[in-house]
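It should be emphasised that the depicted structure is a prediction, and the values quoted were computed from it without experimental measurement. Protein chains get the first letters and strands the later ones, always in sequence-line order, with residue 1 at the start of each.
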Number of protein chains: 2
Amino acid sequence: MPSAPQTARAAARAELTRAILDRAGEQLAETGPAALSVRAVARDLGMASSAVYRYFPSRDVLLTALLVEAYDDLGAAVEAGDGAARPRDLRGRWRGIAHALRTWAHEHPHRYALAYGSPVPGYAAPGDTVQPATRVPFALLGLVRDAQVTGRTPVQGLRVPAAEKASVARVSAFTTPALTPAYTVRALMAWQTLFGAVSLELFGHMAEAVLDPAAHYAQVVDQLAADLGLS
Amino acid sequence: MPSAPQTARAAARAELTRAILDRAGEQLAETGPAALSVRAVARDLGMASSAVYRYFPSRDVLLTALLVEAYDDLGAAVEAGDGAARPRDLRGRWRGIAHALRTWAHEHPHRYALAYGSPVPGYAAPGDTVQPATRVPFALLGLVRDAQVTGRTPVQGLRVPAAEKASVARVSAFTTPALTPAYTVRALMAWQTLFGAVSLELFGHMAEAVLDPAAHYAQVVDQLAADLGLS
DNA sequence: CAAAAACAAGAGCACTGCTCTCGACTGTTG
DNA sequence: CAACAGTCGAGAGCAGTGCTCTTGTTTTTG
């Protein structure tokens with residue numbers, strides 16, 4: 001167990017680490033990932049830029065820390081959306097998940113872009129980002145699993161060839177009991193559609209097409225619920 | 001009509017403009033949009049960086065030119081994929097469109113990211129990018145229109161409320177004859193799913209989940225064809 | 001042929017990520 | 001208690017960026 005002075009020192013370090021993260025997060029929210037500047041963060045905190053490098057060895061590491069926080073924050077929001085409906089109300093839970101995703105994306109567009117937009121050049125997401133990134137898909141898969149165990153089936157399931165079954169086997173095995181191939185494919189498609197709808201809208205590709213994005217998203221969400229057999 | 005010297009001068013200018021675009025395109029393919037450097041392009045072309053600014057007034061304008069080229073190139077690829085199948089073979093055309101999209105994205109990941117990834121910080125796509133960006137959705141809508149005129153219907157069409165009909169009316173009216181609300185929503189969903197599937201895979205969000213991305217994409221494409229009533 | 005416009009080059013400004021060195025301070029240990 | 005090792009903050013500095021301004025040259029135009 002560390003002695004008291006050491007703890008005080010560690011606490012001060014944690015405090016400053018937190019302050020750097022907070023200020024970097026604000027800057028991220030204001031101007032986006034690529035414009036995040038270590039020097040600007042240092043300026044705002046009244047310290048030399050070189051001092052920041054004692055806490056984050058590079059800009060990419062700082063960005064990664066923000067990325068992990070974003071994944072966790074979004075994951076928590078989606079899980080809350082899932083939990084807002086009664087467990088048996090599958091469509092309600094689905095709507096909760098889907099609309100939590102879109103709402104969070106609109107509230108934190110730059111963090112969403114950081115997490116799901118094009119990867120920053122030359123930046124490869126390190127391993128510690130994988131786990132927090134799985135929270136959203138996990139919530140979705142848990143819901144589909146519940147639909148499956150209550151005996152529902154997705155509409156017009158296409159025959160899933162053996163090769164594809166094997167390809168998505170890891171996803172199927174994420175839940176207990178495992179998902180059927182048909183449900184696994186439908187769940188992946190639903191996730192792709194949600195992500196596509198949110199991203200296209202957020203990145204401005206739907207502005208010319210859809211007048212009321214929220215209403216359209218609701219329609220898509222409900223149609224996906226029907227396709228998943230949740231209604 | 002311009003005189004001969006003027007034409008020669010204009011031709012030289014067009015040539016150099018083209019050379020800058022080509023070199024910038026290579027750099028884009030190598031290191032991605034955010035790493036594109038006007039100075040590096042100038043170096044490679046053996047000219048001063050300030051000279052490049054006579055041809056492109058800012059880095060963003062240069063990036064926009066590359067963006068327009070990317071949209072056009074992808075649009076042409078998708079239209080070729082559409083035209084590869086017999087006009088009456090709706091599912092073949094659908095597969096051609098969908099796989100042309102994914103193939104192009106994998107051949108030009110950075111250009112795809114430039115077009116459909118998170119917008120570069122502080123960069124708003126100007127109006128001249130809108131028209132070329134519409135080629136892909138147009139190809140898709142044309143196909144759905146053909147499906148509609150041959151009397152097919154999407155599976156399990158959800159009731160489309162009047163508000164949503166109005167919201168997507170602009171999309172419906174893109175084709176002649178106009179799309180029904182049910183088909184319009186299904187077409188938008190198909191586009192969102194395709195885009196989501198390609199982006200998630202390309203940006204590395206599926207690596208942990210799907211072993212054979214090409215096979216999975218093919219499965220998704222065929223399921224979407226079924227949902228659209230193309231089979 | 002002279003005026004005007006277009007052009008390429010260079011210097012320079014303000015900014016970035018990052019490294020290195022320096023002195024000051026803290027906590028541990030002999 | 002004193003010496004030592006480790007941490008910390010600050011500053012200078014390097015190499016790079018987008019972009020502007022000036023200077024001199026070339027080309028086109030009236």
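Between B/Leu63 atom CG and D/dC19 atom C1' the separation is 16 Å, expressed in whole Å. Rounded to whole angstrom, the span from the CZ atom of B/Arg59 across to the P atom of C/dA14 amounts to 22 Å. Rounded to a whole Å, the CZ atom of A/Arg13 is 9 Å from the C1' atom of D/dC8. In this structure, B/Leu62 places its CG atom 14 Å from C1' of D/dC19, rounding to the nearest Å.
The stretch residues 38-54 of chain A comes close to DNA chain C through A/Val38, A/Arg39, A/Arg43, A/Ser49, A/Ser50, A/Tyr53, each having a heavy atom under 4.0 Å from the strand.
Residues meeting the ring-ring contact (aromatic ring centres under 6.0 Å, His included) test with B/Trp104, sequence neighbours left out: B/His108. By the side chain to side chain donor-acceptor pair (under 3.5 Å) test, A/Thr193 is found to be paired with B/Thr193, residues two or more places apart in sequence or in another chain being considered. For B/Arg13, the salt bridge (charged side-chain N to carboxylate O under 4.0 Å, His left out) test picks out no residue, with sequence neighbours left out. Applying the salt bridge (charged side-chain N to carboxylate O under 4.0 Å, His left out) criterion to A/Arg135, with sequence neighbours excluded, gives A/Asp72, A/Glu79. Under the rule for a side-chain contact (heavy atoms from CB on, under 4.5 Å), the partners of B/Ser50 that lie at least two apart in sequence or sit in another chain are B/Ala48.
The side chain of B/Ser58 places no N or O atom within less than 4.0 Å of a non-bridging phosphate oxygen (OP1 or OP2) of D/dG18.
When heavy atoms are screened at a 4.0 angstrom cut-off, B/Tyr55 is found touching the sugar-phosphate backbone but no base atom. At the heavy-atom level, A/Leu16 lies under 4.0 Å from the strands shown only through sugar-phosphate atoms. Among the protein residues, A/Leu36 comes within range of the sugar-phosphate backbone only, with heavy atoms under 4.0 Å from sugar or phosphate atoms but none that close to a base.
Judged by distance alone, the side chains of A/Tyr112 and A/Ser199 do bring a donor and an acceptor atom under 3.5 Å apart.
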